[in-house]
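Below is one structure; the comments refer to it alone.
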Amino acid sequence: YSMIPQLLLAVLLPALASVLLVLAEQTFPFSRLPDVVRQGVIGVAFGSLVLLEASLTPALLLTPHETLPLAAGLFFGAPAGLIAGCLGSVLLDCLVPAQYAHLAGVFTLLLSGVIGALVRRCLLEDRRPGPGYSLLVPNVVAVLHLSLVFFTDAADANVFEFVRSCLPLI
């Protein structure tokens, strides 16, 4: 029962941040900023939210932190995704106490920013994704995360059970 509020927060934080930044993009001062600055601000915002989400949702089995850089890359542009992924992975590695599959989480954060940037730039031709991509790409990243958990913690006898217990969450 205590995991339900954490799960809701983990799901709603990227969505709320995306909505607020879309609204901010439409305001006069933010829309007048050069694109490089806007991308940087959005990337830093999403990358910093990784630290907030990691500290507020420590008990979740499958960490949803990779949705933040992915959302930045898919919805706001490739540079924002790359900045969010790099910043989020550094903050998670340096400031959050290591838990099970910590290394896989750090790598997945970095790769989710890259994947968001590549999908936005190469597949979507710098347009925002529709519902199909919005649902498909995070699931691909979740499978990548579980694969990294399996390979980075292969020496642990319980890693197969851990990965198998997370599969229904995808």
Can you see which heavy atom on Ala17 is nearest to which on Leu49, and at what distance? CB-CD1, 3.5 Å
Could you pull out all donor-acceptor pairs under 3.5 Å where a side-chain atom in residues 71-88 meets a protein atom, sequence neighbours excluded?
none

Show the nearest heavy-atom pair for residues Thr67 and Pro14, with the distance to one decimal. OG1-CG, 3.3 Å
Test your reading of the model: is there a side-chain donor-acceptor pair from Arg121 to the backbone of Asp126, 3.5 Å cut-off? no
Which pair of non-hydrogen atoms, one from Ser18 and one from Phe46, has the smallest distance, and what is that distance? OG-CZ, 3.7 Å
Search all heavy atoms of Leu109 against all heavy atoms of Pro69 and return the closest pair with its distance. CD2-CG, 3.5 Å
Nearest 0.5 Å, what's the CD-CG distance between Gln26 and Leu21? 11.5 Å
Under 3.5 Å, side chain of Ser89 to main-chain N/O of Leu110, donor-acceptor pair present? no
Within this structure, what is the NE2-CG distance for the pair His102 and Asp93, rounded to the nearest 0.5 Å? 4.5 Å
Applying side-chain contact (heavy atoms from CB on, under 4.5 Å), run through Leu118 and Val114 and close with a yes or a no. CA-CA 6 Å; Leu118 286 174; Val114 172; 3.9 Å; yes
Please determine whether side-chain contact (heavy atoms from CB on, under 4.5 Å) holds for the pair Glu53 and Val50, giving the CA-CA distance in whole Å, both sets of side-chain angles, and the decisive distance to 0.1 Å. CA-CA 5 Å; Glu53 187 176 67; Val50 168; 5.9 Å; no
Quick one: CG on Leu70 to OG1 on Thr108, what's the gap to the nearest 0.5 Å? 11.5 Å
In Å, rounded to the nearest 0.5 Å, how long is the span from CG of Leu136 to OH of Tyr133? 8.0 Å
Salt bridge (Lys or Arg N to Asp or Glu O under 4.0 Å) pairs touching residues 127-151, sequence neighbours excluded, are Glu25-Arg128
Quick check for you: to the nearest 0.5 Å, what is the distance between Ser112 atom OG and His145 atom NE2? 10.5 Å
Between Leu111 and Val141, is a side-chain contact (heavy atoms from CB on, under 4.5 Å) present by the stated rule, with each step listed? CA-CA 8 Å; Leu111 289 174; Val141 172; over 6 Å; no
Any chance you could measure Glu66, atom CD, to Leu92, atom CG, to the nearest 0.5 Å? 10.5 Å
